[in-house]
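Heads up: the structure comes next, in structure tokens.
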Amino acid sequence: MEHLAYVAFGIYTLIILTGGLMAVLCRSMVRALVGLILTLFGVAGCYLLMAAPFIALMQILIYVGAVSILILFAIMLTRAPAGAEEAPYIFPWRSLAALAVAFLPLAVIGGMIRSGQVAPLVPPEEVPLAELGQTLIEPYLLAFELISVILTVAMAGAVILGFERRIGK
Amino acid sequence: MKWMLFGPETYIFLVAFFFLILSMWRGPHSEKDHVLALALSGLGVVISLACLGAEGLLFAGAYRLDLFSQVFKVALSFGLFLIVCLCANVEEIKRRYRLEFYFFLFVCTLAMMLLVSAQHLLTILLALELSSYSLYILVTLRRDEDMGLEAGIKYFLTGIFASSIMIFGMALLYGATGAVYLQDLAQVLPEVMGTPAAVIGLLLTFGGFFFKLAVYPFHFWVADTYQGAPDQVTAYIATASKVAVIAVVIKLIAAVDQNSTYLIHVLAVLSIASMTLGNLAAMVQKDMKRLLAYSTIAHSGYVLIGILSGGTAGYASAVFYALALLVMKFTVFLVVVVLSPRGKNLEREELAGLHGRSPLLALALMVSIFSLAGIPPTIGFMGKFYVFMGAMDKGLFVLVLIAMINVVVSLYYYLLIIKAAYLGHSWETPPAVHLPQPMRWLTGALIATMMVAGFYPTPLIRLSEAVARSLM
């Protein structure tokens, strides 16, 4: 059973990484979005592995279902050309440097953490939904409300910056 | 009535959204808006003062009110009030966004108030993000679009990297300890302090705060952001925002530092690097705001000395230094804001002949610069004295020695400013500076505060000690 979990984890990680690379490397915005959706699916799988099926379903419902559609609308409405335009050919040296920046911290930090004793993984247990709701309105209430303020600020900022560009033209 | 404890935050939140709604209702009206903001932020100071004695836990322990958090809330709302005082003439901010400007200013203050009280890692993270988001947008509001946008994007990009590093660190920390409350962390951490995961997690978590504090390896944004942001926003970042971050770093270190020499070594190295780099880089700056940016990096180094000394004395000295920074940095920025030529930044050379143009401003500049440099009898001298004394008690002689050398180095560029203001001659004589009466009173009060606290710091030291004790 444990081996099966490792296999599943490997598959999900592969999905997440493939999606991430697609999102970064694809020149077409729509394809990049598909990559992002793939990543979000992979993350949902990881939640399933952690015995949190409710969160996994929410992840699919909200991120895969709603957020990506919104992004698609944003791409459509800004009339970004579907084909390739920005992102010129990346010189191999630069991509090498980018890879080094990505993997060097991973290697150093990962290596160091593995060198010490790693806390054993306890098999996750499913948390009942009622308990989840309870934490959301008790210790996480402030955090929950704060997120809405953050979103308001981010939206106001986006409007200010976005409108400015259009007026400038 | 537990909700009364939440008074200052609720008030600032309501005022912020009042401005947001007002901005949808009608266009900006500079003078009326300014008087309104002034009155509302002044009332905010009164409310925070009224809640000074509040104590308790809210949100199932995620939010803690004690003397520490309440004193810093008073300092923050006072800082906001001071910044709003400077906004009588916000020429640098695009006209149509002047109401939103107040909205972001108040929301940012709200976020910082939440930050000093938050006990839950997630709440701390979100409060920090909220304050950062408001600041990113405030920076880009400059009328000169290229300058503001450049500064904003640099700030934003470095900021999100710092945030992601911090989130990664928090995840590692949670993985290693299983604790999300600071008080739980304090209990669990000593057992796992030897494991690499906990140490790396802790260091990466602090990275995010060091970014806000502008400590050495995270300082790249400071000079460019200070230079490109509108003067009032720069003043806000340099005063209120720094005070909040110093508070949260003190709180975190007090929670996790169980006499672990490991963290102290890291902090000492960062402190030395920040002081040295900040002071050396400040020497060659011509733009006043860039100069002040590098001096901020150096001052973060001095504050770290107080924090790493630890114990009641160390934390109290850091608290004292934070409060002193608020007053002295603000006074320098007051002079910068008043003198800035329209659409440009103030150069050091443009201070020439300030003594003849406005003796009061020249005096304010001199006292605040002496205070930043740490020359007696000013509040800045007492701050440095107190910090270094705490470090000496812990036997950190080498660190204090390096800091002393840095203080001497910093004298060079601080004195150049004074020289320009008092002895410099400009070719064409610029007109005398007209200061409205209330601003004169404010300037006088600030000068008096810095001098009186320099001569008689005992009440402030008592307060800092009480604040530090409430943390332990």
- Message: Quick check for you: among I109(A), L142(A), V149(A), I147(A), which has the greatest number of heavy-atom pairs under 4.5 Å with chain B?
- Response: L142(A)

- Taking the six-membered ring for Trp, are the ring centroids of F17(B) and F13(B) within less than 6.0 Å of each other? yes

- Query: Quick one: of I137(B), L126(B), L58(B), who has the most non-hydrogen atom pairs under 4.5 Å with chain A?
  - Reply: L126(B)

- Sort Y181(B) into side chain, backbone, both or neither according to what part of it lies under 4.5 angstrom from a heavy atom of chain A. side chain

- Is chain A contacted by the side chain of Y133(B), its backbone, both, or neither, given a heavy-atom distance below 4.5 Å? both

- Task: Can you tell which part of T152(A) gets under 4.5 Å to a heavy atom of chain B, answering side chain, backbone, both or neither?
- Result: side chain

- Residue I200(B) versus chain A: region with a heavy atom under 4.5 Å: side chain

- Item | Nearest-0.5 Å distance, SG of residue C87(B) to CG of residue D33(B) | 11.0 Å

- Task: Can you tell which part of I124(B) gets under 4.5 Å to a heavy atom of chain A, answering side chain, backbone, both or neither?
- Result: neither

- Which answer fits L204(B), side chain, backbone, both or neither, if we ask what part of it has an atom under 4.5 Å from a heavy atom of chain A? side chain

- Query: Any donor-acceptor pair under 3.5 Å linking the side chain of R142(B) with the backbone of G228(B)?
  - Reply: yes

- Pair F6(B) + F59(B): ring centers closer than 6.0 Å: yes

- Message: Using only atom types and a distance under 3.5 Å, with no angle test, would you say the side chain of D66(B) pairs donor to acceptor with the backbone of S69(B)?
- Response: yes

- Message: Need one label for L141(B): side chain, backbone, both or neither, based on atoms under 4.5 Å from any heavy atom in chain A.
- Response: side chain

- N/O donor-acceptor pair under 3.5 Å between Y236(B) side chain and T109(B) backbone: yes

- Item | L114(B) versus chain A, the contacting section by heavy-atom distance below 4.5 Å | side chain

- Item | Basic-acidic side-chain contact under 4.0 Å: K73(B), E9(B) | yes

